[in-house]
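Proteins get letters first, then strands, A, B, ... in listed order; numbering begins at 1 in each.
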Protein chains: 2
Amino acid sequence: MNLQQLRFICAVVRQNFNASAAADSLYTSQPGVSKQIQLLEEEINVALFVRKGKRIIGMTPAGEQIFTFAQRVVGDIENIRKVGQEFSQGDRGEFVIATTHTQARYSLPKAIKAFTERYPGVQLRLRQGNPTQIAEMLAAGEADVAIATESLNSYAGLVALPCYQWNRVVITPTGHPLLQSQPLTLEAVAAYPIVTYDQAFAGRSVIDKTFAHHRLSPNIVLSAIDSDVIKAYVELGLGIGIVAKMAYDPVRDTRLEVIDASHLFDPSTTYLALRQGTYLRGYLYTFIALYAPHLDRNTVDQALDSTVASRALLPLPSGS
Amino acid sequence: MNLQQLRFICAVVRQNFNASAAADSLYTSQPGVSKQIQLLEEEINVALFVRKGKRIIGMTPAGEQIFTFAQRVVGDIENIRKVGQEFSQGDRGEFVIATTHTQARYSLPKAIKAFTERYPGVQLRLRQGNPTQIAEMLAAGEADVAIATESLNSYAGLVALPCYQWNRVVITPTGHPLLQSQPLTLEAVAAYPIVTYDQAFAGRSVIDKTFAHHRLSPNIVLSAIDSDVIKAYVELGLGIGIVAKMAYDPVRDTRLEVIDASHLFDPSTTYLALRQGTYLRGYLYTFIALYAPHLDRNTVDQALDSTVASRALLPLPSGS
DNA sequence: TGCTTTTACGCGCTGCGTAATAATA
DNA sequence: TATTATTACGCAGCGCGTAAAAGCA
C-alpha cells in the first residue's frame, strides 16, 4: 500500500468513477492508475470498485469505507505539507477563497485589502460560484475557505462559522411611485415587478418564504446571481429590486433610490466555512479575524475540532 | 513523501527519540530510518527532530504538529487493512485485549468463552499489565481494547466506556475474630493487618481515599497486583484481605471466609477503552456486547465519534 | 570504549510510461 | 466507432541493506 494508490482511489471517486479522468487530473497515465488500484485490491484482498465488464461503475461497501479513510490520509498528507510551509516560510503561500459575487464585491474587499497589505507574499485567489459549487470546491480541497449565505451548513465534513447578519433594501429607479408609500409594506412591494437574486443565492430563500408566509405572489420578472446585474436592470426600469443593503452604494448608484426593508424580511447570516481536519496556515487565522473579528484563533480551532454542528456553540455578535 | 517515512517518524517518537530502537521495532535497518527522515525533512523544508550533535533529543514544534498527522495517517492505513480483512474474511482475524489480572481472571472469562465459541477463527490474545501500561498498549496500537478500573479515562486519544460497577469484600482466614463484629465497620477492618491491591490497580485509590476520609491509617502489610496472590497470603494468616467481590469464589476458596463491604466503600467502575478513530472489526462489536450488553454497536460508534468525553453521555446500567 | 547517527555504495524491486489489446456503449 | 479499462513490457529511480566512518557520552 502506498500514498499514490490512495490518491488514485480518491481521484477516481471524485471523477465519477472514471479512471481516465482521474489519471488526467493527477497528471499521470491511465494504465498506471488502473494497475495501482488493482494491486491495492489484491493486497487487501477486497474489491473497492464495482465493475461492469471493464467499466468502473461504483464502489463496493468495503470501498466506501476505505475511501473515507483514504480521503483523510490524503488530506493529512496535505496538512503535513502545510505545516512545513508554515514553519519554513510562514508569510508566503497560497490562499484560495471560494465565494459568491455579492460577497466578493461587497463584503470582502475591506478584509482582503488589509490582508494583502499584511501578507504581500501570499498569493490570493478568488473563485466564484453558487453556494453549492462553493461548498464542493471547499470539500474537494480546491479552496481554503468558503464564504456564502446559503447552504454551507449541513455539508458533511465542513464547518460553518457565522460571520455577520444583514438584511435587504428595495431599490427603485428615481421618482418611482413606491417611494411615496411610507412606511414600506410587503403588499406595496409585491405590487410591482421585482428583480432579485437567483434561487441559490444570497438569502433568496428568505425572500420567497416571507412572501409565501403573507400569501403574496410577487411577480419576479428577473433573477440574477449578481447584485450589479440586478441594479442595472432596475435602472433600466424593468422593475424594483430587492438586494442586500451592502450592495447599495449611495455614491455610485445615483440613478437608483433606496428604501430600507429590514422590517419586512428576517435577517440572513453569512457564513465562513472550513474543511474539518485541515491544518490552517497562520495567515488564514489572520484573514478570518480581519473578516469577522469575533472569530479568533481559539474560536476557530474549537469549531474545527468539535464533531457537533458548530453554529449552536457560536454566538453571533449583534448588528452590522 | 511516503508512508514509510511517516511510520519512521512515529516509531522514533515512540522509542523516545532513538532511531536505532525505532529501526528494530520496524524490522528494518537503522541507516534507512535516518535517511528517510532526512529526506522528508529536506522535502518539506523543516527540521522535525531536534539534534544535539548527532543525537536526536526531541522534536521541533513543526515536528510535533506533523507527528500528530503522521500518527493519524499510520492509523488510517491500519484501518484500511482492517476493512479489507473484515470484508474478505469477516470471521477470521486477531483480537488483542489489554487488561489487568483481576479482569482477566474474574470478569472476562464468561464473555471470552462465548466469544471464542462464536468466532473460532479469531486469534484472541490477552496482554496483562497495570492500568497505565494497558492504556499505553492501546494507544500504541498494540491492543484493540483495554479493560481496567483505573486511569483509562483521561488518556488523550482513548475513549473509555463504562462497563459495570462493583464493590469489595473483606476476606479472612476461617475463624477470624473479625467475623464476629456485625455489622462490619471501617474501624474494625483497620484494626487488623491488611492485604490488598497495589496502588495502580483495581480501585485501590478508592480504598485509600475512604480510610483517609475517616482519618484511619490502616496497616497495609502487603499489596499485590493480583487477587489470587492476595487470597494466598490471607490464607497464610498474613492479615485480612480486601478484594473485589467477584474475586471471591465460594466453591474454591474454602479456606477463606467472606464479609461484604459494599457499605464501606464507594463502588468502582470498570471501563472498556478504545482508540479514537479506529475501524472496529465486526467481531469486536460482538465481544463488547457480550462483555457489557448495554454497549451496542450504535452506542460504541457514537462514543468513538464524539470528541467530548464520552463518559458523561453514557448511562451505566444499574447494579451487577 | 559504548552507543548512536551519518555517509557511502550497490543491488533489486517497483512504479510509471508507451504501446497494444480487449471490451463496453 | 469512440471511449474506457486491461495487459504487456522495459526503463529509471529509489528504497533498503551492508559496510564503514564520524560523533557523542
Inset, instruction - Please check the phosphate of D:dA5 (OP1 and OP2 only) for any side-chain N or O of A:N18 closer than 4.0 Å. - result: yes

Inset, instruction - Indicate, with a heavy-atom threshold strictly under 4.0 Å, whether B:L26 touches base, sugar-phosphate, or nothing. - result: nothing

Legend entry - Side-chain H-bond candidate by donor/acceptor type, A:N298 with A:D301, under 3.5 Å: no

Inset, instruction - Report yes or no: does A:S34 contribute a side-chain atom to a donor-acceptor pair with the main-chain N or O of A:P31 at less than 3.5 Å? - result: no

Legend entry - From CA spacing to verdict: salt bridge (Lys or Arg N to Asp or Glu O under 4.0 Å), B:R281, B:E94: CA-CA 10 Å; B:R281 295 292 306 271; B:E94 204 196 23; over 6 Å; no

Inset, instruction - Nearest whole angstrom, please: distance from the C1' of D:dT6 to the CD of A:E42. - result: 14 Å

Any N/O pairs under 3.5 Å between the protein and nucleotides 20-25 of chain C? List them or say none.
unit_1 : atom_1 : unit_2 : atom_2 : d
C:dT24 : O2     : A:R55  : NH2    : 2.7

Legend entry - Candidates A:R7, A:E41, A:Q5 - the one meeting side chain to side chain donor-acceptor pair (under 3.5 Å) with A:Q36: A:Q5

I'd like a table of atom pairs between the protein and nucleotides 9-14 of chain D - only N or O on both sides, under 3.5 Å - with the distance next to each one.
none

Legend entry - B:R51 side chain near C:dT6 phosphate (N/O to OP1/OP2, under 4.0 Å): yes

Inset, instruction - Give the rounded distance in Å between these two atoms: CG of A:L48 and P of D:dA5. - result: 15 Å

Legend entry - A:R204 to A:Y197 six-membered ring, cation-pi geometry met (6.0 Å, 45°): no

Inset, instruction - Tell me whether the OP1 or OP2 atom of D:dG17 has a side-chain N or O from B:T28 closer than 4.0 Å. - result: yes

Legend entry - Residue mapping more 5' on DNA chain C - nearest nucleotide basis, A:Q4 or B:S34: B:S34

Inset, instruction - Starting at CD of B:Q15, measure out to CG of B:L26 and round the result to the nearest 0.5 Å. - result: 8.0 Å

Legend entry - Separation of atom CD1 in B:I56 from atom C1' in D:dA25, rounded to whole Å: 16 Å

Inset, instruction - Quick one: pull up CG in B:L124 and CG in B:D144 and give me the separation to the nearest 0.5 Å. - result: 9.5 Å

Inset, instruction - Return the value, rounded to whole Å, for the distance between atom CD of A:E43 and atom C1' of C:dG15. - result: 14 Å

Legend entry - Carboxylate-amine/guanidinium contact B:R105 B:D228, below 4.0 Å: yes

Legend entry - A:L39 CG - D:dT6 P separation (whole Å): 12 Å

Legend entry - Identity of whatever pairs with C:dG2 - Watson-Crick or G-U, under 3.5 angstrom: none

Inset, instruction - Mind checking the CG-CZ spacing from A:L3 to A:F8? Nearest 0.5 Å is all I need. - result: 11.0 Å

Legend entry - A:I37 CD1 to C:dC16 C1', straight-line distance once rounded to whole Å: 15 Å

Inset, instruction - Give the ring-plane orientation class for A:F95 versus A:Y283, where under 30° counts as parallel, over 60° as perpendicular and anything between as tilted. - result: tilted

Inset, instruction - Would you please confirm or rule out a distance under 4.0 Å between OP1 or OP2 of C:dT5 and any side-chain N or O of B:S20? - result: yes

Legend entry - A:A19 side chain, from C-beta outward: closest of D:dA5, D:dT18, C:dT6: D:dA5

Inset, instruction - Let me know the distance between CD of A:Q15 and C1' of D:dT3, rounded to the nearest Å. - result: 16 Å

Inset, instruction - Looking at every strand, decide which applies to B:F17 at a 4.0 Å heavy-atom threshold: base, sugar-phosphate, or nothing. - result: sugar-phosphate

Inset, instruction - Measure the distance from CD on A:Q38 to P on C:dC16 and round it to the nearest whole Å. - result: 14 Å

Inset, instruction - Would you mind pulling out the nucleotide paired to D:dC24, Watson-Crick or G-U wobble, both distances under 3.5 Å? - result: none

